[in-house]
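Just so you know, residue 1 is the first one in the sequence shown, and it goes up from there.
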Amino acid sequence: MRLLRLALLLALFLTPPLQAADLAPSGSSVSGRPTPVAKDLTPVPVPQPSALAVRYHESGNWLWALGQLWALLVPAALLFSGASARFRDLARQLGRRWIFTVGIYVLLFSLIVFLLDLPLHFYRGYVRQHAYGLSTQSFQKWLSDSVKEAGISAVVGALFTWIPFLIIQRSPRRWWLYTTILTIPFLLGVVLLKPIWVDPLFNDFGPMKDKVLEREILALAERAGISGSRIHEVNKSVDTKALNAYVTGLLGTKRIVLWDTLLARLDDREVLVVMGHEMGHYVLGHVPRTILLSSLITLASLFWADRAGRWLLARAKGRFGVSQLSDVASVPLLLLLLQLASLALLPVANVYSRHQEHEADRFALELTRSNRDAALAFVKLQKENLGVPRPGLVYRIWRGSHPSIGERIDFCNTYRPWMQGRSLRYSRWIRPESAVRR
Ligand SMILES: [Zn+2]
């Protein structure tokens, strides 16, 4: 989500979650290296959530709603109070030239928003995570991560925000289209560079320490048609007890990242199924597809921001000190409108994300045929991450980027086309075990 906020501040673009694909399983007590024994077909029951997990989930929904409301209130307050216009005037005095005015305005605006968001951000990211026993992060690490993250957003925003504003000046009727077109190379650049320029500022990424397991993973990757794949282990145990893995990067920076917490809590067979899921994202091209969907969402959002923004400014007749969208002081207005668009379009992005996650689960099962290990990994995921297996409708619509854990366990318990004489959906990408020497 860091990427999303970066993109948003950067050029006022709206994008759905771009960090394609996390899994976050956890598991049982079965241990040891994968061995070619007959697979256990006993279904894994979906566990009841603990009382603590239910409380975490329900309060999390309220906090999410508060966060969304806050993301409307802050820009509204800065716009309607005239503060935004005053920042612009100050930026103009300091910067003189237009391009510096835009950059200084963005830095000032980012600082104020950071300070206004700080109490909620501190509670959500630090106090609450410790209260529920999920966090291992020191206050210093939390503070330095937060400052770095905000600093990067502000600097990138200051460097790039003049571009959409120049386009608005030059083409007031079609800027939303041209800006969307420019977001595509921009997002490709962000996805390409973030794993090597930004992520290492927050955690240590290195090769996998368990070389035996790494060889198993590389053999699996070879069966999935991925050659020369890069697997990174990241020391998330300094931040959290939660488990996760994800695929990120493009071209030369494409990689699968495993949190060390996941490696510590899952046994090898479970890790292999998780890797199968991540490889599914990789092989099925989910990162570039997500960028494509982001662009469509950006197009719709900017079109809406243009129409609604011009209508509102015409009505306001220069009150609040802003009369044109091309004035950098209209940033909070655009952010407000983009936040509304995000609330409307998030359900669409989630439907697509859930589809990708489900297909990655299918790919993992077809590749490993380790249904029981996959289900047990999801059981661990639920327990360690304080998840609930079957969240309610509102959660699923606005927050459900993945199928629920209950649905995923059910799928693992039943999806065995290879035993029912049915063809596999991804057989063309998967080489049989006998074709690869371990
Ligand atoms: Zn995934």
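- Relative ring orientation between W142 and Y126 is described as tilted, the plane-to-plane angle lying within the 30° to 60° band.
- In terms of the salt bridge (Lys or Arg N to Asp or Glu O under 4.0 Å) criterion, residue partners of E214 (sequence neighbours excluded) are, by chain and number, K211.
- Classified by interplanar angle (parallel below 30°, tilted 30° to 60°, perpendicular above 60°), the ring pair Y352/H355 is tilted.
- No side-chain donor-acceptor contact under 3.5 Å links N385 to the backbone of A242.
- The closest side-chain heavy-atom distance from M279 to V274 is not below 4.5 Å.
- Side-chain N or O atoms of S404 include one that pairs as donor or acceptor with a backbone N or O of P389 at under 3.5 Å.
- For the atom pair CZ of R319 and CG of L79, the computed distance is 11.5 Å after rounding to the nearest 0.5 Å.
- The closest donor-acceptor contact from the side chain of T261 to the backbone of K241 lies at 3.5 Å or more, if one exists at all.
- Between K209 and E233 there is a salt bridge, since at least one side-chain N of the basic residue sits less than 4.0 Å from a carboxylate O of the acidic one.
- D239 and N203 form a side-chain donor-acceptor contact under 3.5 Å, judged by distance and modelled atom types alone.
- A donor-acceptor pair under 3.5 Å is formed between the side chain of R372 and the backbone N or O of T42.
- Checking H232, K194, R255 one by one against D199, the side chain to side chain donor-acceptor pair (under 3.5 Å) holds for a single residue, K194.
- Between W70 and D117, the side chains place a donor N or O and an acceptor N or O closer than 3.5 Å (distance only, hydrogens not considered).
- In summary, the side chains of H402 and S353 do not present any donor paired with an acceptor at a separation below 3.5 Å, with no hydrogens or angles considered.
- Between E384 and L134 there is no side-chain heavy-atom pair separated by less than 4.5 Å.
- The side-chain heavy atoms of F87 and I112, taken from C-beta on, include a pair separated by under 4.5 Å.
- The two residues A300 and L345 make their nearest non-hydrogen contact at CB-CD1, 4.3 Å.
- Classification of E359 and R362 as a salt-bridged pair holds, one side-chain N sitting under 4.0 Å from a carboxylate O.
- Within a 6.0 Å radius of CZ in R307, other residues, nucleotides and ligands contribute more than 12 heavy atoms.
- Within a 6.0 Å radius of CZ in R428, other residues, nucleotides and ligands contribute 12 heavy atoms or fewer.
- For Y426, the ring pair (Phe, Tyr, Trp, His ring centres under 6.0 Å) criterion is met by F363, W429, not counting sequence neighbours.
- For H277 and E357, the side-chain atoms include at least one donor-acceptor pair closer than 3.5 Å.
- Q129 and Y56 share a side-chain donor-acceptor pair at under 3.5 Å.
- With 3.5 Å as the limit, one finds no donor-acceptor pair spanning the side chains of R55 and S50.
- Using a 4.5 Å cut-off on side-chain heavy atoms (C-beta onward), H57 and P391 make contact.
- W175 places no side-chain N or O within donor-acceptor distance of the main-chain N or O of P164, the cut-off being under 3.5 Å.
- Contact check for L333 versus P75: no side-chain heavy atoms found under the 4.5 Å cut-off.
- Salt-bridge formation is not detected for the pair K236/D260: no Lys NZ or Arg NE/NH1/NH2 atom is positioned less than 4.0 Å from an Asp or Glu carboxylate oxygen.
- The closest donor-acceptor contact from the side chain of D327 to the backbone of S330 lies at 3.5 Å or more, if one exists at all.
- Between the side chains of N235 and S237, no donor-acceptor pair is found at a separation under 3.5 Å.
- In this structure, the separation between CG on L108 and CG on L78 is 11.0 Å, given to the nearest 0.5 Å.
- S84 and Y105 share a donor-acceptor pair across their side chains, judged by distance under 3.5 Å alone.
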Is there a side-chain contact (heavy atoms from CB on, under 4.5 Å) between I291 and V191 once you walk through the steps? CA-CA 9 Å; I291 292 178; V191 176; 3.8 Å; yes

Audit row: L367, V273, side-chain contact (heavy atoms from CB on, under 4.5 Å) steps and yes/no: CA-CA 8 Å; L367 179 66; V273 186; over 6 Å; no

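- R396 and N350 share no donor-acceptor pair across their side chains, judged by distance under 3.5 Å alone.
- Residue-environment remark: CH2 (W398) stays at or below the threshold of 12 foreign heavy atoms within 6.0 Å.
- With R128 contributing its side chain and Y123 its backbone, the two residues share no donor-acceptor pair below 3.5 Å.
- To the nearest 0.5 Å, atom CG of residue L218 and atom CE of residue M275 are 8.5 Å apart.
- A donor-acceptor pair under 3.5 Å is absent between the side-chain atoms of N244 and the main chain of W259, judged by distance alone.
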